[in-house]
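First the structure, in the form of structure tokens, and then the observations on it.
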Amino acid sequence: MKNFRLTAGLVPTLLPLLAQAGYDVNIPAPKSTISFQIFDLHMEILYVCLAIFVVVFGVMFYSLFAHRKSKGAVAAHFHENTTVEVVWTIVPFLILAAMAMPATRTVLAMKDPSNADMTIKVTAFQWKWQYDYLNDGVKFYATLSTPRAEIGSPEAPGKPVSEHYLLETDNNVVVPVGKKVRLLITANDVIHGWYVPQLGVNQYGIPGFIKESWFQATEPGVFRGQCSQICGKEHGYMPIVVEAKSAEDYAAWVKEQKARQAAAEGAQKLSLADAPAR
Amino acid sequence: MEATQGHAHDDHHDHAPQGFGHYFTTTNHKDIGSLYLWFSMIMFFVGGFMALVIRAELFQPGIQIVNPDVFNQLTTIHALVMIFGAVMPGFVGFANWQIPLMVGASDMAFARMNNWSFWLMPPAAILLVGSFLVPGGAAGSGWTLYPPLSVQGGMSVDMTILAVHIMGASSIMGSINIITTILNMRAPGMTLMRMPMFVWTWLITAYLLIAVMPVLAGAVTMLLTDRHFGTHFFNAAGGGDPTMFMHIFWFFGHPEVYIMILPAFGIISHIIPTFARKPLFGYASMVYATASIALLSFIVWGHHMFTVGMPAAGNLFFMYATMLIAVPTGVKVFNWIATMWKGSMTFETPMLFAVGFVSLFTIGGFSGLVCAITPVDITIHNTYYVVAHFHYVLFSGAIYSIMGGAYFWLPKWTGHMYDEKLGKVHFWLTTIFFNLTFFPQHFLGLAGMPRRIPDYAPQFTEFNQISSIGAFGLGISQLLFLYVVIKCIRGGVKAPAKPWEGAEGLEWTVPSPAPYHTFETPPSFH
Amino acid sequence: MNSAHDVYYVPAPSKWPVVGSTALFLLALGVINLLHVGRTQGLMLLIAGFAVLTYMLFGWFGTVISESEGGKYNAQVDASFRWAMGWFIFSEVMFFAAFFGALFYARQLSVPLLGDIDNTLLWPGFKPNWPSEGPYLTTPFHPMAAWGIPAINTLLLLSSGVTVTWAHWALKKNNRSQLIMGLAATIALGLLFLVLQISEYGEAAFSLSTGVYGATFFMLTGFHGFHVTLGTLMLIVILGRSAKGHFTPEHHFAFEAVSWYWHFVDVVWLGLFIFVYWL
Ligand code: HEA
Ligand code: HEA
Ligand code: CUA
Ligand SMILES: [Cu+2]
């Protein structure tokens, strides 16, 4: 039983240490209202499972150690015991019920996109994203900006050097911090997944259907994610980068985008007007 | 338990036929069992080979070995080969060898159809693996074959669909055979509640198969007509919905994963009592737990779809139902441990695999439970966390039980003891490398590395390298298994009828190797 | 092999399984060639596959029939056949369940979802009524009415259930002429059903590609029609065997298996009539 207590004591003390170790061994730092809840839920469940594991396998390893033939153990002959069987059916059930309660609260919150401050329509393509800010009239595509040469191919193997290799786009999604951003997610060709772990969003875009999700970033920063559903050969190459900015910076960004868009549209009109002349 | 054998009077046809030719026409459950087991072994190596290519590509970021589309094809066919080629036929092989021996039947109920069930597998495997050779390469949509991606694919997708049809037909015939054998051919005195656990688990598995394989056949048939005949089942433009495919697929898919674990539970429930020299604890609750897992498995499929945008009520229902499965599964784990408790244990190779199974499968079960919590699944869905989860339940679950079971019954099948020392080495190498391969994938998944990608961001490099090194070690260790099996078939210490001191059951009452025909008149079972 | 009555009959080695696998393999290759390589190769492979399949079916069932008539099957074997047929029919039920599931899903979920408020962004103006061809295809069509041919077909199939039961009673009473009459009537009703079904298809003002309505309609009724065809063929075999004097009042599982199958086809039709045509 000494071993048992030792492990039981060690594991919880070691775990936070592990979490701070050089590698990321846990969910990346939460940065939205929902992802905080997700993080806490994960930690709770992890600890409960670890505790159960330690208790249950403590018993098993004790038995493996003490009840072996080479130590002269003689087999007992019991093969049922209604009391323990009932206990080990009911206790796990209660533990699960306790886990389910906070999870239910988060599900209900997650699934409630009402009272959003703004709405962005996200359309997935093979292999890029289109963002359409329904309230602010900004609209653009976002594609991977890592140079192809870095990725390489079997004939000319790649050598990643960019700091944000595979996790960078030409046009980032900019949102205001602290505002509830509603997403209307769909796809144009096959199923994709809009996945940004730190914002607690992972939602398939299903061609022909609009699915809702939302997030509310809690602090400014750049949050990276990737397409989460296999969508063909470039599935690994359609990242998502969200920049959360202060309200003023966001307003400035919108203005800048609109100016750019107007310029681009003007140019397009010009070239259209030119077309017959050529 | 005690049995008399009734085959003495017709020894004249107890010569096993010679040469490979007879395997094409055989109606003998032992021949067919061996065919299934060898098929499973070959497919395990073929699927494993693909996994090794996957792991080699993932050794470092950037593309070095295979193009992204080939990578997706490898992922897809790796999974289909492992599931339909290695694990399921492996368990059917055990069923064929053991069920007639365990219930005291002369053979399977439909010996000829039994042979057909097996011989449908090679054509299906050729269609599946051969699809790499056709223009455009194999199906690359993941084993889940979600449309519209799978509608985009070329001729290999149709080959995969037809392979699934053929394997489905094989599974349905096989399950009907197993159910009939169990219900109708037990030795007098063997009531249902006195059947060996392996027989029980297969009975329930066979019901799952009959219930869900036809549903999969329906799903891929709709895929086929959407691809070629203008239907709009999975196309919003015509009023259909890609999500509908997911629902139908996972209505099959979730029971399917229990199809791959219930027989494993059965095998483990034989090994542990044998080497603990103590009867299985809680036999009746084991039976009820198995049945509950099977029933619950029909109402949890939505946990694969938490991110498709179901209403909150749907998410909650599937979350609660999924969590419930932990209760009967826990009962099984506790029963195994209570069987070991106060036993008189020895640790031959089968027992090592069984103990490995109980501990590592439980880790996989816990990670499953983490996935079942809807909000948490949002962050880990389709990441390597899920990959880690299912390799823990599939490799250290299903494959461990197949290997442990093989060591356990090899003396009965071949008449020789296997090389115990090599067996133990195989176990330890497998366990070390298995954990090296798949444990780090939990961290990768939590940190947000998606699955089914050929290339990844550099912060994931270290754990991927560990995982790849582990995978190669794991692969090479399996060659040792092949060697031990072949060595055991070709010779070794003669095995007695009952090579394990604590073994119980009819199969141990016949000589080793089991004669070509056994129990032609039913044994009496007290 | 020992054919004593207390011993379960285990058949001798047989080539039929491998022949059957070859047939299915050829059929699969045929389909793939037809779809991707070329008509001729595809058709040739399909014909070869069907030929081998027919050869296998005749050979295998022929063997089973002669074993049965040769008295090799004791009561226990008979019970095995019963279990097997029962669970086979259950697997067929699950196959249809997939398509019924698709129908219910389309009616209750996908079509209403396509017409809901969020989806007006994608499909403005789409009215989610059933029957629906979806928001994109806009060829107007008339759904199949329930109270014409389908209602007659329902009556036909229901009465064929009665006639097959009549034949069964006759067999149990060893009244051979009534047995044959009952079977012949069942077959005739089945054929009539098929003829009407085909003429209904001919009149249909929509096709397999008319959205999800056309898809579920033709897949459900099509697979059902295919099962009626199989059932009718099976009945014809049973009629032939009855004419040859096979079956005894006590021992006639083949007859019962086919009648079970026929009742199953009947019940599926009721489901179709209610959910595809009527409601
Ligand atoms: C043999 C196969 C097998 C088995 C047995 C399981 C078992 C379980 N699985 Fe797993 N699963 C797969 C194979 C399997 N799974 C596969 C292949 C996939 C991926 C498919 C794909 O997308 O490609 C998958 C994916 C998958 C997902 C979807 C993840 C995602 O895509 O986001 C989920 C989510 O709920 C899940 C949950 C579970 C649960 C709750 C169990 C439970 O049955 C586990 C129960 C066991 C225990 C919990 C441990 C023992 C219990 C105790 C010791 C009692 C005490 C415990 C408590 C009170 C907590 N699985
Ligand atoms: C029972 C099922 C089973 C088994 C046993 C395995 C075994 C293994 N699996 Fe697999 N795997 C799945 C089922 C299984 N897997 C499924 C369902 C998926 C999901 C697919 C999808 O996303 O659609 C998957 C996906 C999957 C991925 C994710 C791919 C991706 O998302 O892109 C990875 C990556 O590491 C992986 C690795 C491995 C490894 C290293 C093994 C090892 O255990 C293998 C051990 C190796 C061997 C046994 C090989 C021995 C061979 C040699 C030594 C070489 C000699 C060669 C010849 C003679 C030909 N698997
Ligand atoms: Cu887009 Cu994966
Ligand atoms: Cu599941």
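Just so it is clear: chains get the letters A, B, ... in the order the sequence lines come, proteins before strands, and each one is counted from 1. Just so it is clear, the values below take in all heavy atoms, side chains as well, and ignore hydrogens, waters and symmetry mates.
Residues of residues 144-152 of chain A that come closer than 4.5 Å to chain B, counting heavy atoms only, are A:Ile151, A:Gly152, ordered by residue number.
No part of A:Ile34 comes within reach of chain B, as not one of its non-hydrogen atoms sits under 4.5 angstrom from that chain. Of the atoms belonging to B:Met305, not a single heavy atom falls under 4.5 Å from chain A. Using a 4.5 Å cut-off between heavy atoms, B:Ala338 touches chain A through backbone and side chain atoms alike. Using a 4.5 Å cut-off between heavy atoms, B:Asn67 contacts chain A through both its backbone and its side chain. Of the two parts of B:Asn235, neither the backbone nor the side chain holds a non-hydrogen atom closer than 4.5 Å to a non-hydrogen atom of chain A. Interface remark: B:Glu57 contributes no atoms to any contact with chain A (heavy atom separation under 4.5 Å). Contacts of B:Tyr456 with chain A are made by backbone atoms alone, with heavy-atom separations under 4.5 Å and no side-chain atom involved. If you measure heavy-atom distances from A:Leu96 to chain B, the contacts under 4.5 Å come from both the backbone and the side chain. For B:Val358, the parts sitting under 4.5 Å from any heavy atom of chain A are the backbone and the side chain alike. Only the side chain of B:Met246 comes within less than 4.5 Å of a heavy atom in chain A; its backbone stays farther off. Interface remark: B:Val66 contributes backbone atoms only to the contact with chain A (heavy atom separation under 4.5 Å). Both the backbone and the side chain of B:Met340 have a heavy atom closer than 4.5 Å to some heavy atom of chain A.
Counting all heavy atoms, side chain and backbone alike, B:Pro147 lies closest to A:Ile191 at O-CD1, 3.4 Å. A pairwise comparison of heavy atoms in B:Ile453 and A:Gly236 identifies CG2-CA, 3.5 Å as the closest pair. In this structure, A:His79 and B:Leu280 approach most closely via the heavy-atom pair CB-O, 3.6 Å. Heavy-atom minimum distance, B:Leu149 versus A:Ile230: CD2-O, 3.6 Å.
Remark: the B:Asn382 side chain and the A:Tyr195 side chain contain no N/O donor-acceptor pair separated by less than 3.5 Å. Defined by atom type and a distance below 3.5 Å, a donor-acceptor pair is present between the side-chain atoms of B:Ser285 and A:Glu85.
With sequence neighbours excluded, the residues that form a side-chain contact (heavy atoms from CB on, under 4.5 Å) with B:Thr76 are B:Leu80, B:Ala139. Remark: A:Ala76 engages A:Phe78, B:Lys278, B:Lys342 in a side-chain contact (heavy atoms from CB on, under 4.5 Å) (not counting sequence neighbours).
Most heavy-atom pairs under 4.5 Å with chain B, from the set A:Ser213, A:Pro160, A:Ala156, A:Gly208: that is A:Pro160. When each of B:Ser344, B:Gly153, B:Ala236 is scored by its heavy-atom pairs under 4.5 Å with chain A, the top score falls to B:Ser344. Of the residues considered (B:Thr374, B:Thr362, B:Val355), B:Thr362 shows the highest number of contacts with chain A, using heavy-atom pairs under 4.5 Å.
When each of B:Ile380, B:Leu446, B:Thr379 is checked for a side-chain contact (heavy atoms from CB on, under 4.5 Å) with A:His42, only B:Leu446 meets the rule.
Side-chain rings of A:Tyr204 and B:His381 approach one another, their centers coming within less than 6.0 Å.
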Q) Are B:Phe281 and A:Trp88 close enough, and set up right, to give a ring pair (Phe, Tyr, Trp, His ring centres under 6.0 Å), and what steps lead you there? A) CA-CA 13 Å; B:Phe281 186 89; A:Trp88 69 41; 5.7 Å; yes
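Within the structure, side chain to side chain donor-acceptor pair (under 3.5 Å) contacts touching residues 68-77 of chain A (residues at least two apart or in different chains) are A:Lys69-B:Glu501.
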